[in-house]
Amino acid sequence: MFESLITTFMPMEVFWELFYYGLSGVAATIVSQVGYSVCFRKFALSNVWSKSLSWLAAATVAFFMMRYLAFSGTQEPFLDSLWKTFYTRIGTVLLTVFIMWLVMDIWLKWDLRDRSRLKEYGKWPEIINLAVTLFEIALNYLIAKFYVF
């Protein structure tokens, strides 16, 4: 029943590709969120450094999950897909870091280096980061699907 319901809307191969890509996205998002929060709150790194380091860890997790789960049928050589993944993701991370800087530092004018004011911001730094990360996941799927793998 489950399979026939899905095949009404899409081929099973597409369903499993999207399912595994979604799983990769969830894992990468968790790594990104936890990494950002730890870097930002625990190690008092700047917003830009926190986002950049959490991105590196998330991109690595995402590459391996996409390579071996979502796009496991790819004929693309390992090093080619690794190279394409990281240089396209560098482009998307530059975009997301720019968005984070634009929203938090320029538009909201938050001085995130002033630790005494962190409570004023509540969870908004993490909420904004999550929204930007979800945008990044959608963009990365399109790039992975149509260019990398």
Side-chain angles (χ1 to χ4, degrees), residues 2 5-6 8-10 12-72 74 76 78-79 81-149:
F2 176 71
L5 179 63
I6 292 170
T8 303
F9 300 105
M10 69 183 79
M12 283 305 290
E13 303 82 42
V14 173
F15 168 79
W16 286 112
E17 177 182 292
L18 290 172
F19 175 80
Y20 286 130
Y21 185 82
L23 188 62
S24 301
V26 167
T29 301
I30 290 169
V31 168
S32 179
Q33 289 297 117
V34 170
Y36 176 83
S37 191
V38 166
C39 289
F40 182 73
R41 301 253 183 213
K42 187 76 169 165
F43 296 115
L45 296 179
S46 72
N47 172 52
V48 170
W49 275 108
S50 297
K51 182 65 180 171
S52 298
L53 292 174
S54 68
W55 170 85
L56 181 62
T60 302
V61 166
F63 169 75
F64 282 103
M65 290 186 76
M66 287 187 310
R67 173 81 187 180
Y68 295 109
L69 292 175
F71 303 108
S72 61
T74 185
E76 190 75 21
F78 179 85
L79 290 178
S81 61
L82 179 68
W83 166 246
K84 285 180 180 179
T85 296
F86 277 91
Y87 85 72
T88 58
R89 292 218 172 197
I90 287 170
T92 59
V93 77
L94 289 175
L95 177 63
T96 58
V97 168
F98 174 75
I99 292 169
M100 291 288 288
W101 171 77
L102 193 63
V103 170
M104 294 174 72
D105 297 350
I106 302 302
W107 182 38
L108 296 173
K109 296 182 183 352
W110 287 350
D111 182 6
L112 300 174
R113 295 167 296 181
D114 183 359
R115 295 294 175 210
S116 65
R117 298 189 63 200
L118 271 183
K119 288 194 180 205
E120 290 177 37
Y121 306 138
K123 291 294 180 188
W124 280 105
E126 287 82 4
I127 293 168
I128 293 167
N129 182 54
L130 178 61
V132 170
T133 300
L134 293 174
F135 165 74
E136 185 179 9
I137 288 170
L139 183 58
N140 284 331
Y141 172 76
L142 295 173
I143 292 169
K145 173 76 175 167
F146 297 109
Y147 178 68
V148 175
F149 298 103

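Side-chain atoms are counted along with the backbone in the values below, which use heavy atoms only and exclude waters and symmetry mates. Since the model is a prediction, treat every value here as computed from it, not as a measurement. The first residue of the sequence shown is numbered 1, and numbering continues consecutively from there.
Partners of Val103 according to the side-chain contact (heavy atoms from CB on, under 4.5 Å) rule, which considers only residues two or more places apart in sequence or in another chain, are Ile99, Trp107, Leu108, Ile128. Among residues two or more places apart in sequence or in another chain, the side-chain contact (heavy atoms from CB on, under 4.5 Å) test is passed with Phe146 by Leu142.
Rounding to the nearest 0.5 Å places OG1 of Thr92 at 10.5 Å from CD1 of Ile137. Considering OG of Ser72 and CZ of Phe149, their distance stands at 10.5 Å, rounded to 0.5 Å. How far CD1 of Ile30 is from OG1 of Thr133: 12.0 Å, rounded to the nearest 0.5 Å. Put simply, OG on Ser24 and CG on Leu18 are 11.0 Å apart, with the number rounded to the nearest 0.5 Å. To the nearest 0.5 Å, atoms CH2 (Trp16) and CE (Met10) are separated by 11.5 Å. Separating the NZ atom in Lys51 from the CG atom in Asn129 is a distance of 4.0 Å, to the nearest 0.5 Å.
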Problem - Chi angles and distances behind the side chain to side chain contact (heavy atoms under 4.5 Å, CB included) call for Thr60, Val31 - result: CA-CA 10 Å; Thr60 302; Val31 168; over 6 Å; no
Practice task
Apply the test ring pair (Phe, Tyr, Trp, His ring centres under 6.0 Å) to residues Tyr121 and Trp124: give CA-CA distance (whole Å), side-chain angles for both, the deciding distance (0.1 Å), then the verdict.
Solution key: CA-CA 6 Å; Tyr121 306 138; Trp124 280 105; over 10 Å; no
Handout entry: CA sep, side-chain torsions, deciding dist, call: Phe78, Leu82, side chain to side chain contact (heavy atoms under 4.5 Å, CB included)
Key = CA-CA 6 Å; Phe78 179 85; Leu82 179 68; 4.2 Å; yes
Exercise for the section: Give the intermediate values and the outcome of side chain to side chain contact (heavy atoms under 4.5 Å, CB included) for residues Val148 and Met66. Expected result: CA-CA 10 Å; Val148 175; Met66 287 187 310; over 6 Å; no
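The pair Glu76-Arg67 does not count as a salt bridge, with every side-chain nitrogen at least 4.0 angstrom from each carboxylate oxygen.
Side-chain contact check for Val97 versus Val132: every heavy-atom pair is 4.5 Å or farther apart. For the pair Tyr20/Leu23, a side-chain contact is recorded, criterion being any heavy-atom separation below 4.5 Å from C-beta on. Between Phe43 and Leu53, the closest side-chain pair of non-hydrogen atoms is not below 4.5 Å.
Counting only residues at least two apart or in different chains, salt bridge (Lys or Arg N to Asp or Glu O under 4.0 Å) contacts with residues 24-43 comprise Arg41-Glu126.
A parallel orientation is assigned to the rings of Tyr36 and Phe40, their planes being inclined by less than 30° (bins at 30° and 60°). Below 30°, between 30° and 60°, or above 60°: for Phe98 and Trp101 the angle between ring planes is between 30° and 60°, a tilted geometry.
Tyr141 and Glu17 share a donor-acceptor pair across their side chains, judged by distance under 3.5 Å alone.
When every heavy atom of Ala62 is checked against every heavy atom of Ala28, the shortest pair comes out as CB-CB, 4.1 Å. Here the shortest heavy-atom pairing between Ala27 and Val61 reads CB-CG1, 4.1 Å. The nearest pair of heavy atoms linking Phe135 to Leu95 is CE2-CD2, 3.8 Å. For the residue pair Asn140 and Tyr21, the shortest heavy atom distance occurs at C-OH, 3.3 Å.
Using a distance-only test at 3.5 Å, with no hydrogens or angles considered, no donor-acceptor pair links the side chain of Thr74 to the main chain of Phe71. Listed for the Ser32 side chain is no donor-acceptor partner under 3.5 Å among the backbone atoms of Thr29. Put simply, the side chain of Ser52 never gets that close to the backbone of Trp49: no donor and acceptor are under 3.5 Å apart. Between the side chain of Ser37 and the main chain of Val34, no donor-acceptor pair closer than 3.5 Å is present.
Note that Lys84 lies in the cation-pi zone of Tyr147, set by a 6.0 Å cut-off to the ring centre and a 45° limit from the axis.
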